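What follows is a short report on a single structure.
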Amino acid sequence: MSNDSKADKLPTQAETVIIGGGCIGCNTAYHLTKLGKTDVVVLEQGQLTSGTTWHAAGLIVAGLLKSESECEIYTHGRDLYANLEKETGLSTGFTDIGYLQVAVNEERVHELRRVAPFMRRHGINMHEISTKEAQEMFPIGDLSNVLSAFYIPEDGRANPVDVTMSLAKGARMGGAQIFEGITVTEILVKNGTATGVKLSTGETIIANNVVICGGMWSRQLGATAGINLPLQAAEHYYLITEEIKGLPKNMPVLEDPSTHTYYREEVGGMMLGLFEPVAAVWNIEHIPETFSFGEIEPDWERMMPHLEKAYTRVPSIIDYGVRKFFCGPESFTPDLAPLVGETPELRNCFVAAGMNSLGILNGAGIGNVLAHWIVSGLPPVDVTSINVNRFSKCENTRAFRRDRTPELLGREFGQHYHNDSPRTARDVKRSVLHDRLKSAGAFFSEAHGWEATDWFAPIPEQAKIEKYSWFRQNWFEWHAEEHKAAREDVILMDLSLMSKFIVQGPDACALLSRLSCNDVDVEPGRIVYTPWVNEAGGFEADVTVTRLEQEKFLVICGENSHGHTEMRMRRHIEEGECVTILDTTSATTQINIHGPKARELMRKVTFADMSDEAFPFMAAQEIDIDYSVLLAIRITFVGELGWELHVPCNHAVQVYDRLVEAGKEFGLRHAGIQTLSSLRLEKAYRDFGIDIDNTDNPIEAGVEFGVRLDKEDGFIGRDALAAIKDKGIPCNRMLQFLIEDPEPLLYGNELIYLNGEQVGHLQVGAYGHTLGGAVGIGFATTPEPLSEAIIEAGNWEIEIADVKFKATASLQPLFDPKMERARC
Ligand SMILES: Cc1cc2nc3c(=O)[nH]c(=O)nc-3n(C[C@H](O)[C@H](O)[C@H](O)COP(=O)(O)OP(=O)(O)OC[C@H]3O[C@@H](n4cnc5c(N)ncnc54)[C@H](O)[C@@H]3O)c2cc1C
């Protein structure tokens, strides 16, 4: 055992124990000490960096970043690595040689033009340069087929071992202790809380916080404590040539998605790294603990076609010998985002793992986020897309990891179309109506294992995407018809993927009242929309709560926040309270019927009184449809009259058949989630995890109607929201935007301009077929309070791929602002 210089003896207790001495573990320790936490112990089974970190290529390049948090996480690391030597005396090897990304087709150029302004707004100076300039920067490459290039001068490379050693020194200087040659065999647990770790020597360390930074070993270590960490190691390659005489040392890193390759200089030769479209999984069952400074025997035969393609970008490489063809394992997650945060299974057990080949460049940002999360209980950035609690167990099965992982490396370099789903590990969770919907022409997209109906083709054979594009795709007109049917006739949507929980017991109301900003202590049969916020007033969820009986509630949220919503409820049951939470998602099929003719259709299929008097808006009742008894909830996320029908799965096919048959005379159309999105954005309805997150609050987000500050007994976050409210009209407000030109499309991240000044970006966009143009919602931030008068008088523009389009901005929904259609 080699010990930290300051300590000769392993402590028996510590405030925080970090498992793993790679880039992530050392970053987390470093950042904890920066927050004044000195009682930090890092345990490494081998030596520092001996897992994956030692062999990383050390690219510190932004790539394509599509969220504020990604930008913040990235720039934090780049800036830290550039300056850490001043603090620790140890260089990280960071040099800002720049980063060049080349595009060989119009679609890629368009994507980069869409994203570059967003990245610039968030501190990453990506700009388009001419191919001539690119060729001069990278003289050894053949850029003859390149249409355009994008350059970030501040990016570059670092030495991953030096980065980690410098961080380790910084952490030690801040009081942390680091021990090598110590294996954690078990996470100690008491009453659902991590209390420490057990070591291979039999010793234990008692700790307030246990942090898993065990890289590709994290999954199996987590499993010993029942923690679901879906990550899987895959082979990852680079090749280094012999010295190439005259190769400039300061050439930028070049990334070429068309050949799935990156290139940079390495000790006088050329390093060529690969993100091949079909990769190889490494060790599905178990990662050997003894794999220290390990390498994998390269599979030349599999990789040769990829290398040949890579050589076309830098053809002269072929004249030089190969100094090293390296293959090492790296862990990938099902959606290519890391696993970060407190585990839902264990309190005080945190994780940062599954770095998807970006662990050096994102390590510091993630270490910083996690350190703040551990210390304050709240993450400092939007974590909805990286939160460890977003996955279900099926995504961690051997079969899922085996099937999904090979696709992931290639996706890292692929185009990032808004509607592009993974091709592998499909048909995992299917609605019981799946085959019926397929026969009706459904095209399915994937969401955490669910097959979601995206849109419908007129005949099932046409249900495919002819060509992915940033412009109108082949299904656009069919989707327009679905949208029109919702506004003029009636649509049927299968939303079985929505997450549903029955919360029951004598204290169910108390629990939900504590969590909810709105008043959920209503009469049975009433539905309440409510945000849930944290102590700082930031969103934790937005849900509907339906009171079914005095002590029985139905909580519904989006599938993307399933784990988080459940965790939030379970964590807030207080000592002595009697509440049960039952996840009924897979027991219920959700069929939504919406549109002006929804009532007429419902009257055809049920004996229940569906009139507005007997069944008002925001009411829930048990009704019958033929032989089935089901829960009908009168609510809307599309701005139309209608009902969510929550049907027991064994009745769903019968109910569906009846609705489809009866719907013929009313022009019933099937509709998918593309139409859900376009309808809800015309109504400017918010969606947690897509356009609002934990860094936003209901007042600025414009859902104050769901907040009852005067609620008896208050709620979690009440005082924070009251303080925000007391400040008066916010300077930061979520607005709805409609592009006046009917041609362009919006997807989110487009910049917002007010009177020529950049004031924000869109969170999400879709095509508003009724409004006649693309619609989106996003936060605008101004120095002055953003009053209705300023909004109305303002000259608003939205920038799409370098072109500014005139837009209408509104605080109220541009479609049916008085809510007349849903309440009729
Ligand atoms: C070929 C290749 C090239 C790459 N290039 C880049 C790049 O250019 N830029 C970039 O950002 N990223 C790159 N990466 C990815 C990067 O290397 C990883 O994301 C990063 O090193 C992950 O760091 P980590 O700390 O999570 O994992 P690791 O470095 O593996 O650290 C985890 C540590 O935990 C220890 N451990 C595990 N279990 C236990 C236990 N039970 N008890 C005690 N200790 C334990 C392990 O021994 C290990 O040292 C590359 C990866 C590969 C394979």
Side-chain angles (χ1 to χ4, degrees), residues 17-29 42-63 74 77-78 81 155-161 163-164 167 178-187 197-200 210-222 224 231 233-240 253 255 262 264 266 271 273-275 279 282 287-296 298 324-333 338-340 351-367 409 412:
V17 167
I18 296 173
I19 306 163
C23 185
I24 305 301
C26 290
N27 255 309
T28 307
V42 179
L43 302 174
E44 165 54 48
Q45 64 189 2
Q47 293 173 38
L48 293 186
T49 77
S50 65
T52 304
T53 297
W54 70 277
H55 56 60
L59 308 188
I60 307 296
V61 300
Y74 173 70
R78 189 186 61 188
Y81 298 163
D155 283 4
R157 55 183 280 195
N159 182 342
V161 172
V163 165
T164 311
L167 288 162
I178 300 175
F179 295 87
E180 297 176 297
I182 301 283
T183 304
V184 173
T185 52
E186 200 183 318
I187 294 168
V197 293
K198 187 169 179 191
L199 312 178
S200 54
V210 173
V211 190
I212 304 174
C213 298
M216 62 186 165
W217 290 269
S218 302
R219 178 176 46 77
Q220 61 208 40
L221 180 63
T224 64
L231 56 83
E235 293 182 4
H236 196 20
Y237 285 86
Y238 55 71
L239 176 149
I240 302 170
V253 174
E255 267 185 12
Y262 64 82
R264 72 164 175 81
E266 174 71 17
M271 174 188 270
L274 290 158
F275 280 81
W282 190 70
I287 307 293
E289 282 76 9
T290 50
F291 190 82
S292 176
F293 294 112
E295 297 184 30
I296 304 170
K324 178 83 184 164
F325 189 36
F326 180 84
C327 178
E330 164 66 346
S331 30
F332 290 83
T333 60
L339 309 174
V340 186
V351 66
M355 293 296 141
N356 299 290
S357 190
L358 307 173
I360 310 301
L361 62 89
N362 282 333
I366 286 176
L409 269 83
E412 195 93 73

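Starting from 1, each residue takes its place in the sequence as its number. In each ligand, atom 1 is the first atom listed, and ligand 1 is the first ligand listed. For the numbers below, each heavy atom of this structure counts, side chains included, while hydrogens, waters and symmetry mates do not. For clarity, every value in this text was computed on a predicted model and none was experimentally measured.
Taking the six-membered ring for Trp and thresholds of 30 and 60 degrees, F326 and H55 have ring planes inclined between 30 and 60 degrees apart.
The line from CD of Q45 to OG1 of T290 is 8.5 Å long, rounded to the nearest 0.5 Å. With rounding to the nearest 0.5 Å, the separation of OG1 in T49 from CD1 in I360 is 9.0 Å. In this structure, CG in L221 is found 12.5 Å from CD1 in I287, a value given to the nearest 0.5 Å. Expressed to the nearest 0.5 Å, how far CZ of R264 lies from CE of M271 amounts to 4.0 Å.
In summary, the atoms of ligand 1 found under 4.0 Å from a heavy atom of L361, numbered by their order in the structure, are 10 (C), 11 (O). Under a 4.0 Å criterion applied to the non-hydrogen atoms of G58, ligand 1 contributes the atoms 7 (C), 8 (O). Numbered from 1 in the order shown, with element, the atoms of ligand 1 that lie under 4.0 Å from a heavy atom of I182 read 42 (N), 43 (C).
One option in G359, A57, S331 has a heavy atom closer to atom 6 (C) of ligand 1 than any other, and that option is A57. In this comparison of M355, M216, H236, the heavy atom closest to atom 1 (C) of ligand 1 sits on H236.
For the ligand labelled ligand 1, residue P329 lies inside the 4.0 Å heavy-atom shell. Contact annotation: C23 has at least one heavy atom less than 4.0 Å from an atom of ligand 1.
The closest side-chain heavy-atom distance from H236 to T52 is not below 4.5 Å.
When non-hydrogen atoms are compared, ligand 1 lies under 4.0 Å from the side chain of I19 (C-beta onward) but not from its backbone.
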